[in-house]
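Encoded as C-alpha cells, the structure appears first; notes follow it.
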Amino acid sequence: MKTLILTTLLVTTVSMPAFAAGGMDGMAMPAPSSAKAAPSDSGLTNAVVKRVDASTGMVTLQHEALKNVNMPPMTMAFKVKDAAMARQVHVGDKVRVRIESMEGMMTIVRMEKSGTP
C-alpha cells in the first residue's frame, strides 16, 4: 500500500512540471478590449422634482428607496453638490439621482433627467 501511494505521488510530481512547461499554443485567449465598460446606473434612483431653491442649492425630491444610504421612499429636500444641478431641473421633472452622505448632509451628487419617475 505504501508503495502504491509513493508511486502515485512520484508520478504526479514528475508529470506536473512537464505539463506546466508546455506552451500555450492552441489555447483560446480573448483579445484585450480597448472599449471601456459602460458605467453602471445601479446607483441611480428614480425621483420626481417637487421644489427647487437655486439660491440655497436645495432640491426637494419624491424618491424611491435610496438603497446606498438605506433610506425608504419619501419626499425630502436635498443639498446639491454643484449649484448648477439645481438650475437644470424644474418642478415636475422626472430625474435619476445618486444621493450620498457628505459632511453629515444627504447630498445629490449626480442628477440626470429621465423619462420615468
Side-chain angles (χ1 to χ4, degrees):
M1 183 68 165
K2 287 182 184 181
T3 306
L4 178 61
I5 293 172
L6 184 57
T7 304
T8 303
L9 288 173
L10 182 59
V11 170
T12 304
T13 305
V14 172
S15 64
M16 284 180 71
F19 175 78
M24 292 178 38
D25 296 338
M27 292 185 70
M29 301 291 283
S33 173
S34 60
K36 292 183 179 180
S40 171
D41 285 346
S42 63
L44 298 178
T45 301
N46 294 323
V48 177
V49 177
K50 293 296 185 179
R51 184 169 186 254
V52 178
D53 187 343
S55 66
T56 62
M58 299 294 287
V59 176
T60 302
L61 299 173
Q62 179 182 357
H63 62 81
E64 294 179 354
L66 300 170
K67 295 177 184 174
N68 66 308
V69 291
N70 212 15
M71 183 182 289
M74 66 177 70
T75 300
M76 179 177 164
F78 296 93
K79 183 83 174 160
V80 290
K81 181 179 178 183
D82 179 4
M85 288 183 197
R87 293 188 299 267
Q88 295 172 355
V89 294
H90 305 285
V91 172
D93 283 351
K94 295 173 184 176
V95 295
R96 292 175 43 84
V97 296
R98 170 75 179 185
I99 309 291
E100 294 180 4
S101 179
M102 298 181 68
E103 299 177 9
M105 178 173 269
M106 292 302 206
T107 305
I108 301 170
V109 297
R110 182 174 170 197
M111 180 165 47
E112 58 189 45
K113 290 186 180 183
S114 71
T116 59

**Study point:** side chain to side chain donor-acceptor pair (under 3.5 Å) partners of E100, counting only residues at least two apart
**Key:** R98
**Study point:** Contact list for residues 74-96, test ring-ring contact (aromatic ring centres under 6.0 Å, His included), sequence neighbours left out
**Key:** H63-F78
Cluster overlap [X] with [Y], hydrophobic side-chain contacts below 4.5 Å:
{"X": "M85", "Y": "V109", "result": "no"}
{"X": "V59", "Y": "V69", "result": "yes"}
{"X": "V91", "Y": "M111", "result": "no"}
{"X": "I99", "Y": "M74", "result": "yes"}
{"X": "L66", "Y": "M76", "result": "yes"}

Taking all non-hydrogen atoms of both residues into account, name the closest pair between [X] and [Y] and its distance.
{"X": "A54", "Y": "A86", "answer": "CA-CB, 4.1 Å"}
{"X": "Q88", "Y": "D93", "answer": "O-OD2, 4.3 Å"}
{"X": "K81", "Y": "T107", "answer": "N-CG2, 3.5 Å"}

Review point. Counting distance only, does the side-chain N/O of D82 pair as donor-acceptor with the main-chain N or O of A84 below 3.5 Å?
Key: yes
Practice item. Taking K79 for its side chain and T56 for its backbone only, find out whether a donor-acceptor pair lies under 3.5 Å. Key: yes
Review point. Got a second to check how far D53's CG is from M58's CE, nearest 0.5 Å?
Key: 8.5 Å
**Study point:** Value rounded to 0.5 Å, distance of OG1 in T60 from NZ in K50
**Key:** 10.5 Å
Review point. Hey, are the side chains of V49 and L61 touching, using non-hydrogen atoms and a 4.5 Å cut-off?
Key: yes
